[in-house]
Amino acid sequence: MADALSSLSLRDVESRNRIAVSPMCQYSCEPDGLATEWHRVHLGSRAVGGAGIVMTEATAVSPEGRITPHDLGIWSDEHAAALEPITEFVREQGGVPAIQLAHAGHKASKERPWEGHVPIQPGGTGPSGASGWEVLSPSPDAYPPFNGDRPAMRKATQDDIEGVIDAYRAAAERSLEAGFEIAEVHAAHGYLLHEFLSPVTNRREDDYGGSFENRTRLVREVVTAVRDVWPDEKPLFVRISGTDWLDGRDSWDIEGSVRLADELADRGVDLIDVSSGGLHPEQSVPAGPNFQVPLAERVREGADVAVGAVGGVTEPEQADALVRNDRADLVLVGREFLRDPYFGLRATGELERDPEAVAEQWPVQYRRAVQR
């Protein structure tokens, strides 16, 4: 029986346990999008802290794909070079370096949360002095503005769509050069790929709108492009929103998520990372411990693919139960890793019965703190 401390093998990559650092935006770059010492310490500390997989925040595949001007990027060789020392350090600490590839779509060009998260118009500047830009949307007229405002946006043309696909492909190639072992395509939380998936925000009448097949086309094409350049021996993840949490209206739901997951598995996706929401201000999210786990279970039951669960996981026993009870193959921990960078080691200490085995998991520099 697998548990949270069991290794997880996907293709030729093995994680030392089934606890992963969930992607969490840090908004800590200069407007050039290059990784900084903050990212090296932030991600490196979680590898030292015992996480099996350490995933970057949403990393923009193009400058226009950033949520804020301070997001991490991977749209040039310089970006890959800035990330390489981080992947090397994570690997040296026993973790698997992973990257989430993202395009923010019509949720782009905003200031950082602690600066109000207000839209920055093209040619304008926000409180931090950073400039804004025009953003892409599948259907600009369908976008419900959060907080009563929105950035300037335009409907994505066929050329724009092809550019997005090419940007994901190039970002995956650079991620490989930077030393990442896992790539994840971000298709959740109201960002561009999710915007195309949901009929709430996609009102197009071309090959990318209308039917399920058309609305999921861009995700399939992005996944195919990434898988084409991502080596066969390395895993590919996709993060989805299992539901829009918009009951009673035509929206993206768990039935569509299960169907999409099965199709993505056929295209070489190894794990579906099941989150939810983020698309619409009227969403009704039942937050609490394990609140998204039932969505992950539905995907795991209905699609032939490994599944990651995320949301409200704060205790080692909780993560362990998710794996032991076959509710998920991987547990992605977010805010608890912010509160406790050593959550992975704490889980080992609480779940492992052999004190010597616990001590061996700690860096030798820290081992005196846990040896008896």
Requested in this report: Please assess M153 against V135 for the test side-chain contact (heavy atoms from CB on, under 4.5 Å), listing each intermediate value before the final yes or no.
Outcome: CA-CA 5 Å; M153 63 181 70; V135 304; 3.4 Å; yes
Requested in this report: Show your reasoning for whether salt bridge (Lys or Arg N to Asp or Glu O under 4.0 Å) applies to K107 and E195.
Outcome: CA-CA 10 Å; K107 291 179 75 174; E195 291 162 17; over 6 Å; no
Requested in this report: Run the numbers on R239 and S22 for side-chain contact (heavy atoms from CB on, under 4.5 Å), then give the verdict.
Outcome: CA-CA 10 Å; R239 171 165 274 194; S22 189; 2.9 Å; yes
Requested in this report: Verify side-chain contact (heavy atoms from CB on, under 4.5 Å) between Y366 and L345, making sure each step is shown before the conclusion.
Outcome: CA-CA 11 Å; Y366 293 175; L345 291 175; 5.8 Å; no
Query - Working for salt bridge (Lys or Arg N to Asp or Glu O under 4.0 Å), residues R259 and D253 - result: CA-CA 10 Å; R259 183 177 171 186; D253 57 22; over 6 Å; no
Query raised in the report: Could you go step by step and tell me if M55 and V21 meet the side-chain contact (heavy atoms from CB on, under 4.5 Å) rule?
Result: CA-CA 6 Å; M55 192 173 293; V21 177; 5.5 Å; no
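Using a cut-off of 4.0 Å between Lys/Arg side-chain N and Asp/Glu carboxylate O, E336 and R339 are scored as salt-bridged. Here R11 does not pair with E233 in a salt bridge; the nearest charged N to carboxylate O distance is not below 4.0 Å. D266 and R220 are not joined by a salt bridge, as no carboxylate oxygen comes within less than 4.0 angstrom of a charged side-chain nitrogen.
Annotation for I120: hydrophobic cluster partners, listed by chain and number, are none (ILVMFWY side-chain heavy atoms under 4.5 Å, direct or chained).
One N or O on the side chain of T216 and one on the backbone of F212 form a donor-acceptor pair closer than 3.5 Å. Under the 3.5 Å distance criterion, the side-chain polar atoms of R215 are matched with a main-chain donor or acceptor of G210. Q318 contributes a side-chain N or O that, together with a main-chain N or O of T314, makes up a donor-acceptor pair within less than 3.5 Å. Side-chain atoms of S241 do not come within 3.5 Å of backbone N or O of T243 as any donor-acceptor pair. The closest donor-acceptor contact from the side chain of D320 to the backbone of D3 lies at 3.5 Å or more, if one exists at all. A donor-acceptor contact shorter than 3.5 Å links the side chain of T348 to the backbone of G344. Side-chain atoms of R112 do not come within 3.5 Å of backbone N or O of E115 as any donor-acceptor pair. For R227 (side chain) and G268 (main-chain N/O), a donor-acceptor pair under 3.5 Å exists by modelled atom type. Within the 3.5 Å criterion, the main-chain N or O of Q100 finds a donor-acceptor partner in the side chain of T56. Not a single donor-acceptor pair under 3.5 Å links the side chain of R249 to the backbone N or O of V200.
For residues 305-315, the salt bridge (charged side-chain N to carboxylate O under 4.0 Å, His left out) pairs, not counting sequence neighbours, are E315-R346. Every pair passing salt bridge (charged side-chain N to carboxylate O under 4.0 Å, His left out) that includes a residue from residues 294-311 is listed here, sequence neighbours excluded: E255-R298, E297-R327, R300-D329.
Closest heavy-atom contact between V13 and P235: CG2-CD, 3.4 Å. The two residues A306 and L10 come nearest to each other via the heavy atoms CB-CD2, 4.4 Å. Heavy-atom minimum distance, E64 versus W133: O-NE1, 3.2 Å. Listed here is the closest heavy atom pair of T68 and D71: OG1-OD1, 2.7 Å. Considering all non-hydrogen atoms of both residues, H186 and L193 come closest at O-CD1, 3.6 Å.
Atom SG of C29 is separated from atom CH2 of W38 by 12.0 Å, given to the nearest 0.5 angstrom. How far CD1 of I67 is from SG of C25: 4.0 Å, rounded to the nearest 0.5 Å. To the nearest 0.5 Å, atom OG1 of residue T87 and atom CD of residue E92 are 9.5 Å apart. Atom CG of residue L176 and atom CZ of residue R174 lie 12.5 Å apart, to the nearest 0.5 angstrom. Rounded to the nearest 0.5 angstrom, D244 CG and H280 NE2 are separated by 9.0 Å. Rounding to the nearest 0.5 angstrom, the gap separating the CD1 atom in I240 from the CG atom in L197 is 8.5 Å.
The cluster map of Ile, Leu, Val, Met, Phe, Trp and Tyr, joined by side-chain heavy atoms under 4.5 Å apart, puts L332 and L322 in different clusters.
Annotation: side chain of H70 is in contact with side chain of E111 (closest heavy-atom distance under 4.5 Å). Between I86 and R40 there is a side-chain heavy-atom pair separated by less than 4.5 Å. Proximity of I74 to S175: side-chain heavy atoms (C-beta onward) are separated by under 4.5 Å at one or more points. Put simply, the side chain of P140 does not reach to within 4.5 Å of the side chain of H106, judged on heavy atoms. Side-chain atoms of D160 and R154, non-hydrogen and from C-beta on, do get closer than 4.5 Å to each other. A heavy-atom distance below 4.5 Å is not found between the side chains of L264 and V305. Contact annotation: the side chain of Q93 never approaches that of V54 to less than 4.5 Å [non-hydrogen atoms, C-beta and beyond]. For the pair Y27 and P113, the minimum side-chain heavy-atom distance is below 4.5 Å.
A donor-acceptor pair shorter than 3.5 Å can be found between the side chains of E14 and S9.
The aromatic rings of Y342 and W362 sit parallel, their planes meeting at an angle under 30°, below the 60° perpendicular limit.
For S76, the side chain to side chain donor-acceptor pair (under 3.5 Å) partners at least two apart in sequence or on another chain are H79. F237 pairs by the ring pair (Phe, Tyr, Trp, His ring centres under 6.0 Å) definition with nothing, not counting sequence neighbours. Residues passing the ring pair (Phe, Tyr, Trp, His ring centres under 6.0 Å) test with H39, sequence neighbours excluded: none.
More than 12 heavy atoms of other residues, nucleotides or ligands shown are found within 6.0 angstrom of CZ on R367. Heavy-atom neighbours of E30 CD from other residues, nucleotides or ligands within 6.0 Å: at or below the threshold of 12.
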